[in-house]
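Remarks on the structure that follows.
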Protein chains: 2
Amino acid sequence: MTDPAGGRQNLGLLCFYPHRAVEARLFAALAAAGFDDITLAQGRIAARIGPGGTRLTDLAAQALVTKQTANHLVDQLERAGYVRRVPDPTDGRARLVQIAPRGEQVVALARRVEAEVEAEWTAHLGEEATAQLRAALERLREVTDPYR
Amino acid sequence: MTDPAGGRQNLGLLCFYPHRAVEARLFAALAAAGFDDITLAQGRIAARIGPGGTRLTDLAAQALVTKQTANHLVDQLERAGYVRRVPDPTDGRARLVQIAPRGEQVVALARRVEAEVEAEWTAHLGEEATAQLRAALERLREVTDPYR
DNA sequence: CCATCTAGTCAGATAGGCTGACGACCGTCA
DNA sequence: TGACGGTCGTCAGCCTATCTGACTAGATGG
């Protein structure tokens, strides 16, 4: 976050462009498919929901927002029919946030778009460079992602 | 934005972690140095200001926000003494947003932190892999950054 | 069976972002 | 040279995302 055009940009900023590009593509595709009542913030929370459902507290921690914010977003997602809350059988206090049928459709579409974008990038960079990029980013995640 | 832990994450999401890490480091360092009245959104706008100053409209376009939002953030930055607005000599309608002396200090600090983070990453990945990563990201920018 | 911890909720505040409408100024073309 | 469409920045009003702080209900360990 500090390089005016040209010159050597810092790696953090360089990472930003592809991320933003994917997010924008995803978002546009969802809107085009009729899922136009979902926001970026909601998507970022929804993306952390695991196969069997995930606790609110865990979602909040992984998305780096407070429980209140996560709760608020899950409320909206639930109202729109993308997720549902079920009691956690192993803990009476907790509830699991699960993907509802309508949400499954979104996930499926999102995966298709992601694959599409990746295919374009691979075409631009070449197979080998793309594989190296992925490997480098995965290793970098070890030191940059607090939840992993 | 759709992979629950494990498995192969999409490249867009993988790009997100390093970006967030740099931003967080930068932010913490600024706060520690006494620049605790600057917000992320302000920083994202300020980071686009070029050497001779940049028009509000350009800042807005590059940061992908509306002119109104950019204007609001520049107001705050100006009030805090980080930037100033001067008339654009070549266009009576426009004004240039320039970095003020206090802002220069921030830029200098930011560059130091960025260099520091990059050194850490290089230590983790190795010289060669880091160079490849940079090259791949730069090429990717050609197809993901609308303002290039 | 009490002390304490954890999951989630409620209330209120703020920042960041949008759309829409607008006045001032620019450039161009008849 | 003067009228017109486009651009630069601004004002007003609104919604969404996010935070801090205080609270309730269930869990857990002595």
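From a predicted model like this one, the values you see are computed outputs, not experimental measurements. Chain identifiers are assigned alphabetically (A, B, ...) following the order of the sequence lines, protein sequences preceding nucleic acid strands; residue numbering begins at 1 within each chain.
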Heavy atoms only: give me the nearest Cys15(B)-Leu137(B) pair and the separation to one decimal. SG-CD2, 4.4 Å
Nearest heavy-atom neighbours spanning Leu77(A) and Ala46(A): CD1-CB, 4.1 Å
Polar pairs (N or O, both sides) under 3.5 Å between protein and nucleotides 24-27 of chain D?
from: dG26(D); atom 1: N2; to: Arg93(A); atom 2: NH1; distance (Å): 2.8
from: dA27(D); atom 1: OP1; to: Gly92(A); atom 2: N; distance (Å): 2.8

Thr144(A) versus Leu140(A), closest heavy-atom pair with distance: OG1-O, 2.9 Å
Indicate every side-chain donor-acceptor pair of residues 101-108 of chain A with a distance under 3.5 Å to a residue at least two apart or in another chain.
from: Arg102(A); atom 1: NH1; to: Ala80(A); atom 2: O; distance (Å): 2.8
from: Arg102(A); atom 1: NH2; to: Tyr82(A); atom 2: OH; distance (Å): 3.2

With 3.5 Å as the limit, what N/O pairs link the protein to nucleotides 16-19 of chain D?
from: dA17(D); atom 1: OP1; to: Thr39(A); atom 2: OG1; distance (Å): 2.4
from: dA17(D); atom 1: OP2; to: Gln76(A); atom 2: OE1; distance (Å): 3.2
from: dA17(D); atom 1: OP2; to: Gln76(A); atom 2: NE2; distance (Å): 3.3
from: dC19(D); atom 1: OP2; to: Thr66(A); atom 2: N; distance (Å): 2.8
from: dC19(D); atom 1: OP2; to: Thr66(A); atom 2: OG1; distance (Å): 2.9
from: dC19(D); atom 1: OP2; to: Thr69(A); atom 2: OG1; distance (Å): 2.9

Using 4.0 Å as the upper bound for N to carboxylate O, is an ion pair formed by Arg112(A) and Glu116(A)? no
Checking Ala100(A) now: which residues fulfil side-chain contact (heavy atoms from CB on, under 4.5 Å) with it, not counting sequence neighbours? Arg84(A)
Quick check: closest heavy atoms across Trp121(B) and Pro18(B), and the distance to 0.1 Å? CH2-CB, 3.4 Å
At the 4.0 Å heavy-atom cut-off to chain A, mark where contacts on DNA chain C begin and end, going 5' to 3'. dT6(C) to dA11(C)
Taking side-chain contact (heavy atoms from CB on, under 4.5 Å) as the test, write out the residues that go with Arg139(A), two or more places apart. Glu142(A), His124(B), Leu125(B)
Salt-bridge test for Arg20(A) and Asp145(B): reply yes if a basic N is under 4.0 Å from a carboxylate O, no otherwise. yes
Closest approach of Phe27(A) to Ile38(A) (non-hydrogen atoms, all atoms of both residues): CZ-O, 3.4 Å
